[in-house]
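Quick notes on the structure that follows.
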Amino acid sequence: MKKLVSLALCTVIALLAAGCGSSGSAADKAAQSSKGKTVSDVLSQAQSSQQDATDNVPPIATQVDPSKLTYPELEYEADLDLTTMSSTMVYSEVSNMIKTPSNYMGKRIKINGTFDVYTDIKTKTFYYSCIVQDATACCKSGIEFSPKAKMTYPDDFPTVNTPITVGGVFETYKEGDTTYLRLKNAEIAIAKT
């Protein structure tokens, strides 16, 4: 009888461990099922490539503890001010933006996060984003932004993982067959280092 109980317990533990190892969250599956690519999709893909190339180096954006960051002030009249919310609420709201962008179209949004940049090597185009993490710093998401002021990368931008505050108008845009999300005409405040 003890062997049967032990075997049953081991089976349950193995099943639970297999479930925890699943990399497909509901948000990931929802994003993959749509034709639109998000900042998170692009960053995940870039980080996977970087991970393969650098062998066991953790992704850049996951090295920041959001509770230890000090964000710069930005005077920006927003319809939705995410800078006043907890990190868990901000992460949830950004996830909602990704899942239902039509609910946010044309809204002026203000958000705190860390700076990241993706470079399309083929077109030599830079894509800037404000990355947010949940309170445990295990999950991240981001919103792309296009600056209002004429800025040149890297001269006019902070280094990756620098705390920033961004305010801009939410929109979608297409490149080829893919739809992307961003804050256009964005104003940016960069933390002093």
Side-chain angles (χ1 to χ4, degrees), residues 25-28 30-31 36-44 46-47 59-118 126-173 179-193:
S25 69
D28 291 339
K37 262 190 180 175
T38 65
V39 170
S40 299
D41 296 335
V42 174
L43 288 175
S44 293
Q47 288 172 349
I60 293 170
T62 60
Q63 296 175 349
V64 179
D65 180 356
S67 66
K68 296 188 175 164
L69 296 176
T70 303
Y71 298 104
E73 292 293 322
L74 175 67
E75 291 295 323
Y76 185 80
E77 190 72 34
D79 300 318
L80 178 59
D81 188 350
L82 302 177
T83 65
T84 61
M85 299 179 183
S86 72
S87 57
T88 301
M89 289 299 297
V90 171
Y91 179 79
S92 298
E93 196 71 45
V94 170
S95 295
N96 285 336
M97 288 179 197
I98 292 167
K99 290 177 190 171
T100 58
S102 60
N103 294 344
Y104 299 90
M105 294 298 282
K107 288 190 177 181
R108 295 170 52 89
I109 296 173
K110 183 174 164 184
I111 187 168
N112 288 331
T114 56
F115 176 75
D116 207 345
V117 61
Y118 169 75
F126 299 104
Y127 298 91
Y128 315 108
S129 60
C130 182
I131 303 297
V132 297
Q133 296 181 334
D134 69 351
T136 62
C138 73
C139 302
K140 66 180 179 348
S141 192
I143 294 291
E144 181 184 335
F145 65 88
S146 62
K148 181 178 183 176
K150 185 159 177 77
M151 299 172 76
T152 305
Y153 185 80
D155 300 337
D156 301 324
F157 288 89
T159 58
V160 170
N161 286 335
T162 299
I164 60 173
T165 303
V166 178
V169 179
F170 188 86
E171 72 167 0
T172 60
Y173 71 98
T179 300
Y180 296 92
L181 316 171
R182 73 177 167 196
L183 298 178
K184 69 177 181 177
N185 297 324
E187 297 177 22
I188 308 157
I190 301 167
K192 295 187 182 354
T193 53

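Computation of the quantities below employed the complete heavy-atom set of this structure, encompassing side-chain atoms and omitting hydrogens, waters and symmetry-equivalent molecules. None of the values given here were measured: they were computed from a predicted structure.
Taking the side chain as every heavy atom from C-beta outward, L74 and V166 never approach each other to under 4.5 Å. Residues I143 and I109 form no side-chain contact, since every pair of their non-hydrogen atoms from C-beta on lies 4.5 Å or further apart.
For the atom pair L181 CG and S129 OG, the distance stands at 12.0 Å (nearest 0.5 Å). Distance check: F170 CZ to M97 CE gives 6.5 Å after rounding to the nearest 0.5 Å. Atom CG of N112 and atom NZ of K110 lie 7.5 Å apart (nearest 0.5 Å). Annotation: the span from D81 atom CG to I111 atom CD1 amounts to 10.0 Å, rounded to 0.5 Å.
When all heavy atoms of P72 and A189 are compared, the pair lying nearest together is CG-O, 3.1 Å. The heavy-atom pair separating T172 from P101 by the smallest distance is CG2-CB, 4.0 Å. The minimum heavy-atom distance between G168 and L183, with the atom names listed, is O-CD2, 3.8 Å. Looking at every heavy atom in both residues, P163 comes nearest to L69 through CG-CD2, 3.8 Å. Nearest heavy atoms, Y91 versus C139: OH-CB, 3.4 Å. The two residues D79 and G106 have their closest heavy-atom pair at OD2-O, 4.3 Å.
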Discussion item. As a quick check of understanding, evaluate side-chain contact (heavy atoms from CB on, under 4.5 Å) for L80 and Y104, giving each step before the final call.
Written reply: CA-CA 9 Å; L80 178 59; Y104 299 90; 3.8 Å; yes

Practice prompt. Let me see the working for T100 and N103 under side-chain hydrogen bond (donor to acceptor under 3.5 Å, both in side chains), right down to the final yes or no.
Written response: CA-CA 6 Å; T100 58; N103 294 344; 3.3 Å; yes

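Applying the side chain to side chain contact (heavy atoms under 4.5 Å, CB included) criterion to S86, with sequence neighbours excluded, gives T88, M89. For P147, the side chain to side chain contact (heavy atoms under 4.5 Å, CB included) partners two or more places apart in sequence, or in a different chain, are Y128, F145, M151, F157, I188. Contacts of S102 classified as side chain to side chain donor-acceptor pair (under 3.5 Å), with partners at least two apart in sequence or in another chain: none.
Residue pairs satisfying the side-chain hydrogen bond (donor to acceptor under 3.5 Å, both in side chains) criterion with at least one member in residues 150-159, sequence neighbours excluded, are listed as follows: T159-T162. The stretch residues 183-192 participates, sequence neighbours left out, in no side-chain hydrogen bond (donor to acceptor under 3.5 Å, both in side chains) pair at all.
Between the side chain of T165 and the backbone N or O of E73 there is no donor-acceptor pair closer than 3.5 Å. Side-chain N or O atoms of R182 include none that pairs as donor or acceptor with a backbone N or O of S146 at under 3.5 Å.
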